[in-house]
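Each remark here refers to the structure printed beneath this line.
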Number of protein chains: 2
Amino acid sequence: MTTSSHPDRVPASRRVAAALRSRIESGELRAGAPLPSERNLAEDFEVARNTAREAVRLLTDEGLVHARHGKGVFVRETRKLMRFGAERYSHRLREETGLSPYRAEVAKQGRTARVDCTSITTVPAPEFIAERLGLVAEDPVICRENWYFADDEPVQRGITYIPVAVAGTSPLADSANLGKGSLYARFEDQGYPIATIREEISARMPRRDEKDRLKIPDGVPVIEVIHTGIDPEGTPFETTVFTMRADTTGLDYTIPVRN
Amino acid sequence: MTTSSHPDRVPASRRVAAALRSRIESGELRAGAPLPSERNLAEDFEVARNTAREAVRLLTDEGLVHARHGKGVFVRETRKLMRFGAERYSHRLREETGLSPYRAEVAKQGRTARVDCTSITTVPAPEFIAERLGLVAEDPVICRENWYFADDEPVQRGITYIPVAVAGTSPLADSANLGKGSLYARFEDQGYPIATIREEISARMPRRDEKDRLKIPDGVPVIEVIHTGIDPEGTPFETTVFTMRADTTGLDYTIPVRN
DNA sequence: CAGTGGTCTAGACCACTCA
DNA sequence: GAGTGGTCTAGACCACTGT
């Protein structure tokens with residue numbers, strides 16, 4: 001009766017993880033509180049340190065806790081989300097504040113925005129960009145890479161593709177400093193007021209380089225938005241790929257439904 | 001050991017991971033192809049099996065590969081996304097097809113939809129629901145839990161909250177079978193045609209139970225959408241929390257920009 | 001310095017898959 | 001039965017953080 005083929009034996013690492021998880025969910029371990037050290041967990045649960053470590057990793061992969069080298073493992077703080085919506089492209093908001101959509105959003109949350117334009121190049125359009133801009137692949141496009149910060153913390157990256165015909169000789173084509181109202185004001189100058197946006201949204205785990213540059217902790221995915229700006233005639237004039245960390249950033253759209 | 005003071009700063013597991021990653025990105029290892037077994041990797045790179053295993057785990061956590069017990073580790077297939085947009089709430093689409101928004105979307109992709117309503121209960125409104133429905137917390141709401149499948153694969157879960165005043169004695173309050181056009185047709189019957197939707201989007205790693213029930217592989221996040229349906233007078237009449245796996249599902253919105 | 005997590009080793013056995 | 005990944009042990013040393 002004691003031994004048999006396969007009892008529903010739960011691996012030790014999951015048992016330890018489940019115990020910790022319930023102590024977190026019950027509120028016994030609050031946000032910011034340290035977990036017992038791996039060596040203590042090993043002792044308390046009578047497992048090897050590697051097994052305790054595996055348990056902690058399971059929680060890390062769920063985004064419940066995060067480790068700080070040399071300090072300990074802590075219950076993750078629930079961070080306030082900044083949610084970005086369609087109104088950030090509003091002409092009125094731009095006129096009232098003179099700010100770019102990103103700056104306006106961050107200012108609204110009482111934080112300090114910074115945007116670094118790290119590169120402006122002309123490249124052949126990748127296929128998925130050409131599709132969205134009504135070009136054929138390899139057509140040249142201006143490619144602007146921007147990094148967005150709030151209180152000096154990296155928040156998102158945006159890579160904007162602009163047909164050369166749209167950018168012309170305007171600052172869009174080569175100037176890092178776009179002036180008052182920023183990118184969308186310049187599109188308006190060029191004869192492309194934004195009337196409609198298309199936003200294609202997905203989520204995935206960050207690649208190593210993204211994780212490093214956006215300082216994304218373990219167990220946190222990124223949201224990827226392929227954003228396309230469209231003028232009143234239905235002509236797309238720019239596509240931007242945004243990549244943002246999902247624990248501090250989200251989206252919020254209010255959309256009329258057609259009948 | 002070769003050097004003593006400051007040997008190469010890159011841990012062996014990351015070196016192995018980087019080597020595999022570049023073989024994947026170069027196309028040498030295509031989607032669906034097996035990686036060398038952990039024991040082979042250990043031998044080839046002259047590390048312990050656990051170290052090779054750690055390397056594989058790094059790739060798994062990036063969503064690049066996935067392990068199948070007893071078979072091997074395989075480069076993940078890029079699966080075609082089903083993207084859900086606002087037009088799925090369109091009255092016209094409903095009239096033309098007689099289908100619920102989900103069924104219409106899945107049919108459009110040539111797959112077979114199934115929706116299981118697993119529970120209908122009346123509960124006190126959680127705070128975040130009460131906020132969105134203009135209620136006070138604890139007000140009773142109908143709570144409908146639905147599971148959505150495409151070709152018998154689980155795709156998403158939706159938990160819909162409806163004020164009892166809205167549901168009345170209609171099928172919304174208690175019937176799993178909602179009839180032609182489904183949920184949004186019934187709201188229309190009750191005097192709440194959908195005019196506007198608000199969609200709040202975030203992403204996170206799945207909890208253990210979500211991972212199991214949605215059959216989500218390692219390294220794949222979920223997208224969470226808090227959807228609120230609003231009538232022409234601006235009255236919200238239902239809020240649904242959707243949870244969907246991010247490797248097969250996405251969102252696609254076309255939104256007019258206010259000036 | 002002591003204590004923490006990060007990496008690594010060299011084994012072992014279990015659970016699953018497939019020929 | 002042979003080969004795969006999954007779990008586990010009992011050590012070891014390194015890197016980082018505090019005092």
Side-chain angles (χ1 to χ4, degrees), chain A residues 2-20 29 32-61 64-76 208 211-212 215 217-219, chain B residues 1-20 29 32-61 64-76 208 211-212 217-219:
Chain A
T2 35
T3 61
S4 114
S5 41
H6 15 58
D8 42 21
R9 178 183 150 281
V10 178
S13 54
R14 292 200 192 175
R15 272 196 7 251
V16 177
L20 291 171
L29 287 170
L35 263 52
S37 77
E38 293 171 352
R39 287 164 179 87
N40 281 339
L41 286 173
E43 197 176 343
D44 295 351
F45 287 90
E46 296 180 311
V47 295
R49 185 188 156 203
N50 275 355
T51 303
R53 191 173 164 73
E54 172 67 18
V56 170
R57 169 167 248 150
L58 290 171
L59 301 182
T60 302
D61 285 351
L64 261 182
V65 302
H66 72 286
R68 292 192 220 159
H69 195 171
K71 298 179 79 171
V73 178
F74 300 84
V75 179
R76 176 162 294 154
R208 172 106 229 147
K211 214 178 138 180
D212 293 342
K215 291 194 201 148
D218 289 340
Chain B
M1 304 287 88
T2 38
T3 57
S4 54
S5 56
H6 279 288
D8 59 314
R9 295 215 150 270
V10 183
S13 53
R14 292 199 192 176
R15 273 197 5 252
V16 177
L20 291 171
L29 287 170
L35 263 51
S37 78
E38 294 172 350
R39 287 164 180 87
N40 282 339
L41 286 173
E43 197 177 343
D44 294 350
F45 289 89
E46 297 180 310
V47 295
R49 184 189 156 201
N50 276 355
T51 303
R53 192 174 163 72
E54 172 67 17
V56 171
R57 169 166 249 152
L58 290 170
L59 301 182
T60 301
D61 285 350
L64 261 181
V65 302
H66 67 111
R68 290 192 223 160
H69 195 170
K71 297 180 79 173
V73 177
F74 300 83
V75 179
R76 176 161 296 153
R208 173 111 227 145
K211 214 178 138 181
D212 293 341
D218 289 340

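Each chain gets a letter, A, B and so on, in the order the sequences are listed, and its residues count up from 1. No hydrogens, no waters, no symmetry mates; every other heavy atom, side chains included, goes into these values.
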Query raised in the report: dA15(C) base stacked by His69(B)? Criteria: ring centres under 5.5 Å, plane angle under 30°.
Result: yes
Query raised in the report: Would you say the side chain of Val56(B) lies within less than 4.5 Å of the side chain of Leu41(B), judging by non-hydrogen atoms?
Result: yes
Query raised in the report: In whole angstrom, what separates Phe45(A)'s CZ from dT7(D)'s P?
Result: 17 Å
Query raised in the report: Between Leu64(B) and Leu58(B), is any pair of side-chain heavy atoms under 4.5 Å apart?
Result: no
Report task. Take the protein atom CG of Leu41(B) and the nucleotide atom P of dT9(C), then report the distance between them rounded to whole Å. Result -> 13 Å
Query raised in the report: Quick one: does Arg14(A)'s side chain get under 4.5 Å of Glu54(A)'s, heavy atoms only?
Result: no
Query raised in the report: What distance do Arg15(A) atom CZ and Leu20(A) atom CG have between them, rounded to the nearest 0.5 Å?
Result: 11.5 Å
**Report entry** Atom pair CZ/OG of Arg53(A) and Ser37(A) - distance to nearest 0.5 Å
**Finding:** 12.0 Å
Query raised in the report: Looking at Lys71(B), does any N or O in its side chain come under 4.0 Å of the phosphate oxygens OP1/OP2 on dG5(D)?
Result: no
Query raised in the report: Is there side-chain contact between Val16(A) and Ser13(A), with at least one heavy-atom pair below 4.5 Å?
Result: no
Requested in this report: Considering only NZ, NE, NH1 and NH2 on the basic side and carboxylate oxygens on the acidic side, decide whether Glu38(A) and Arg57(A) come within less than 4.0 Å.
Outcome: no
Query - Presence of Arg53(A) side-chain N/O under 4.0 Å of dG6(C) phosphate oxygens OP1/OP2 - result: yes
Query raised in the report: Does a nitrogen or oxygen in the side chain of Ser37(B) sit under 4.0 Å from OP1 or OP2 of dT4(D)?
Result: yes
Requested in this report: Return the 5'-most residue of the pair Arg57(B), Gly70(A) with respect to DNA chain D, ranking by each residue's nearest nucleotide.
Outcome: Arg57(B)
Can you list, pair by pair, the side-chain donor-acceptor contacts under 3.5 Å of residues 68-76 of chain A, counting residues two or more places apart and other chains?
residue, atom, partner, partner atom, Å
Arg68(A), NE, His66(A), NE2, 3.4
Arg76(A), NH1, Gly63(A), O, 3.1
Arg76(A), NH2, Asp218(A), O, 3.0

Query raised in the report: Rounded to whole angstroms, how far apart are NE2 on His66(B) and C1' on dT4(D)?
Result: 14 Å
Report summary line: The nucleotide from dT7(D), dC13(C), dG11(D) with an atom nearest the side chain of Asn50(A) is dG11(D)
Query raised in the report: Which nucleotide in the list dG5(D), dC8(D), dC8(C) gets nearest to the side chain of Ser13(A)?
Result: dC8(D)
Requested in this report: Check every atom of dT7(D), dT9(D), dG5(C) against the side chain of Glu38(A) and return the nucleotide holding the closest atom.
Outcome: dG5(C)
Requested in this report: Grab the CG-P distance between Leu58(B) and dG6(C) for me, whole Å please.
Outcome: 12 Å
Query raised in the report: With no angle test and no hydrogens, is the base of dG3(C) tied to the side chain of Arg39(A) by a donor-acceptor pair under 3.5 Å?
Result: no
Query raised in the report: Dot-bracket, DNA chain D: Watson-Crick or G-U, under 3.5 angstrom, [ ] crossing, | other strand?
Result: ||||||||||||||||||.
Query - Length of the line joining Glu54(B):CD and dA10(C):P, which is rounded to integer Å - result: 17 Å
Query raised in the report: Any side-chain N or O of Thr51(B) under 4.0 Å from OP1/OP2 of dC8(C)?
Result: no
Report summary line: From CZ of Arg49(B) across to C1' of dC14(C) the rounded distance in Å is 11 Å
Query raised in the report: With a 4.0 Å cut-off on heavy atoms, is Arg14(B) in touch with a base, just the backbone sugar-phosphate, or nothing at all?
Result: sugar-phosphate
Report task. Using whole Å, report how far CG of Asp61(A) lies from P of dG6(D). Result -> 13 Å
Report task. For Arg68(B), answer base if it contacts any base atom (sugar-phosphate contacts may also be present), sugar-phosphate if it contacts only those atoms, and nothing otherwise; contact means non-hydrogen atoms under 4.0 Å. Result -> sugar-phosphate
Requested in this report: Just call it for Val56(A): base, sugar-phosphate, or nothing, with non-hydrogen atoms closer than 4.0 Å on any strand.
Outcome: nothing
Report task. Could you check how far CZ of Phe74(A) sits from C1' of dT17(D), rounded to whole Å? Result -> 10 Å
